[in-house]
Amino acid sequence: IWMLASTGIRARELRELRNKNVDMLNRAITVNETKNKRPRRLPISKSFYDVLLAYIEIRGGDGEDYLFPTMYNEILAMSSLQESVKRYCRERGVYKTSLHLFRHTFITNAVNQNVSPLILQRITGHSTMHQLNRYYNARTVDLVDVIDGIAPVTSEKKTYFK
């Protein structure tokens, strides 16, 4: 869950990660198996670093092992990942549980934090800005905040409407 929320990684990419793909020294994850066939590096946040480090210490394994395997050290089935995420979300009162929603949320949060679209495109692996734009879900409150920041203001506090 933390990786999905912290990196915007696709579910298939997450399932195919190996221990060797994690570079804790440089705080990055190399994703080799991508949708567009171009490898990319995902930065690891400070908070995710601590979680991932603890997980890796418990997980162990060699470099070729899957980072998130089954109990038999095989690739995690998509249905198992989906069910785990669904259960995690439902336990917290969230009933819209698509794995891809984490990607949408990651991108929307990045845009709301003023992350450069070029950097975000590189992190998410989208080949065009058009594709990236489809993931941004602007909330009305975000739009109001933007308008408040650019609209002219009056010098006096007057009541224009009664």
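If you read the sequence from its start, that first residue is 1, and numbering goes on from there. All heavy atoms count here, side chains included; hydrogens, waters and symmetry mates do not.
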Between [X] and [Y] (side chain of the first, backbone of the second, donor and acceptor by atom type, cut-off under 3.5 Å), is there such a pair?
{"X": "Arg103", "Y": "Gly8", "result": "yes"}
{"X": "Arg92", "Y": "Arg87", "result": "no"}
{"X": "Asp50", "Y": "Ser47", "result": "no"}
{"X": "Asp23", "Y": "Ile29", "result": "no"}
{"X": "Tyr88", "Y": "Glu83", "result": "no"}
{"X": "Glu57", "Y": "Ala54", "result": "no"}
{"X": "Arg27", "Y": "Pro43", "result": "no"}

Nearest heavy-atom approach of Leu52 to Met24 is CD2-SD, 3.9 Å
How far does NE2 of His100 sit from CG of Leu4, to the nearest 0.5 angstrom?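 Those atoms lie 11.0 Å apart.
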Same hydrophobic cluster for [X] and [Y], using side-chain heavy-atom links shorter than 4.5 Å among ILVMFWY?
{"X": "Ile75", "Y": "Ile9", "value": "no"}
{"X": "Phe68", "Y": "Phe106", "value": "yes"}
{"X": "Trp2", "Y": "Phe102", "value": "yes"}
{"X": "Val85", "Y": "Val94", "value": "no"}
{"X": "Met3", "Y": "Met78", "value": "yes"}

Report yes if some heavy atom in the side chain of Thr105 is under 4.5 Å from a heavy atom in the side chain of Asn109; otherwise report no.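 Yes, at least one pair of side-chain atoms sits under 4.5 Å.
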Does some side-chain heavy atom of Asn19 sit less than 4.5 Å from a side-chain heavy atom of Ile56?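 With C-beta onward as the side chain, the pair stays apart.
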Looking just at side-chain N and O atoms, do Tyr66 and Arg18 make a donor-acceptor pair shorter than 3.5 Å? yes
Worked verdict on Asn32 versus Thr30 for side chain to side chain contact (heavy atoms under 4.5 Å, CB included): CA-CA 6 Å; Asn32 292 317; Thr30 302; 3.4 Å; yes
